[in-house]
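Here's the structure we're looking at; comments come further down.
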Number of protein chains: 2
Amino acid sequence: MKRIADSTVRRLSIYLSFLEEIEAHGVLTTSSDDLARLGGTTSAQVRKDLSFFGSFGKRGLGYSVPELSSALREILGLGRQWRVCIVGVGKVGSALARYAGFAERGFNVTGLYDSDASKVNHRSVGVVIRSTDDLERDIRAGKYDIAVITVPAENAQAIVDRLVKAGMKAILSFAPTQLTVPEDVELRTVNMAMELEALTFALTNRS
Amino acid sequence: MKRIADSTVRRLSIYLSFLEEIEAHGVLTTSSDDLARLGGTTSAQVRKDLSFFGSFGKRGLGYSVPELSSALREILGLGRQWRVCIVGVGKVGSALARYAGFAERGFNVTGLYDSDASKVNHRSVGVVIRSTDDLERDIRAGKYDIAVITVPAENAQAIVDRLVKAGMKAILSFAPTQLTVPEDVELRTVNMAMELEALTFALTNRS
DNA sequence: CTAACTTTGTGAAGAAATTCACAAGCTCCG
DNA sequence: CGGAGCTTGTGAATTTCTTCACAAAGTTAG
């Protein structure tokens, strides 16, 4: 299969969130033009994005909302449950563990890890916090599909290296630092500093 | 000036964070090759990115770390203080208000707003929480350069519309929903759902 | 059934971003 | 001082992404 661009995947997420919204309002059909308007792109882009995966619409009519949203969920891999562990149960980590939207989308936080001995064996949102010493063992046992790391920047690469070595293939990092992983590991980083800098750049250079 | 691509600005942030790191370790010079290796790109890309803004290196030698990092700070608009307000003092909002890295980079959280009357007039991190009713007045008074919104998805667009109408030009949203703003307003969204979906897409389609 | 009207799906064209490749400039060493 | 050795800065080539534009296919009205 042709390599799908990152930007395409992002847009699919956006389309899906609209489809779910209008589906909840009982809308039955929509068009590439609607999706484009709401998603801030063009109708040609919407159709091109979808065309990588097949043909979902009816000419002259548009798309069936339930059909297309279901297809997108399948494409994005949301048609199943994912077992997620969170490494680093600080402010951000516990906020994430508590986040309801997580479970709704099929992401089950089934493991919490922290290196702070005073937190270990306590519970957060009904899940026992384990020592990071147990990480490798649990990952090797195949307990998780995705790891979310919310540890300080200075520990992040070390944790990532351990996760990767133990066989983790998908990592979402909230550490404000650039991380390196092998080609076959999927890493995404949520970096607020970078987003703020994009804002200040715009304010400084485009006004 | 030629329009600078978003991807370029992102990379500049990455370069800067490395430069600051090695600067702290006393490293005095570096090369496009070093920056490329650490930032996961190519040396030609690094040089091209920098070339949009001028000529910062010495042929045969590379870049002066202090000079280049200072130049990048200036380019990214980090050479000054920015006044930030946070709208929505829930879990995420108060975690952000507390975040130390914020102030280090010149971002001063000087205003907190919430619509929940039971929070108003209480303090968080030394800042009094005001009612969102006061938002327009304070923005019009020019109190803030940047607004960070951490409100529920369903309220986000309404808040953004109010911010924009009152004259806010830069907004960072943590609401998991697509938002619309006029052309002259810079909006960035941190959307964890989207990042997770990029991961599950990769796990589903590339393995 | 036919004609007018929609909207998709997709090659082709165009634009944008990345990579190549090399001349130009600087340092260092003998 | 001159030549060998680096590394930058940048046009040109290439690749990737987006937009255009239109045939194909369906719908609706008469």
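Put simply, CZ on B/F52 is 17 Å from P on D/dT8, counting in whole angstrom units. Atom CG in B/L61 sits roughly 8 Å away from atom C1' in D/dT7 (whole-Å rounding).
DNA chain C is contacted by B/T42, B/A44, B/Q45, B/R47, B/K48 of residues 31-51 of chain B, taking any non-hydrogen atom closer than 4.0 Å.
Taking 4.0 Å as the cut-off between side-chain N and carboxylate O, B/R80 and B/D145 count as a salt-bridged pair. Between B/R37 and B/D33 there is a salt bridge, since a side-chain N of the basic residue sits under 4.0 Å from a carboxylate O of the acidic one.
Taking only distance into account, the side chain of B/R59 never meets the base of D/dT7 through a donor-acceptor pair shorter than 3.5 Å.
In this structure the side chain of A/V160 reaches within 4.5 angstrom of the side chain of A/I171, judged on heavy atoms. At a threshold of 4.5 Å between non-hydrogen side-chain atoms, the residues B/I14 and A/M194 count as touching.
In summary, of the residues considered (B/R188, B/R105, B/R73), a salt bridge (charged side-chain N to carboxylate O under 4.0 Å, His left out) with A/E197 occurs for B/R105 alone.
The environment of A/K58 atom NZ is sparse: at most 12 non-hydrogen atoms of other residues, nucleotides or ligands sit within 6.0 angstrom. The local environment of CZ in A/R162 is crowded, with over 12 non-hydrogen atoms from other residues, nucleotides or ligands closer than 6.0 Å.
Each of A/K58 and B/Y63 was assigned the nucleotide of DNA chain D with the nearest heavy atom; the assignment lying further toward the 5' end belongs to B/Y63.
Contacts between chain B and DNA chain C, taken as any atom within less than 4.0 angstrom of a protein heavy atom, begin and end at C/dA17 to C/dC26.
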Please assess A/N155 against A/I149 for the test side chain to side chain contact (heavy atoms under 4.5 Å, CB included), listing each intermediate value before the final yes or no.
CA-CA 10 Å; A/N155 307 335; A/I149 72 169; over 6 Å; no

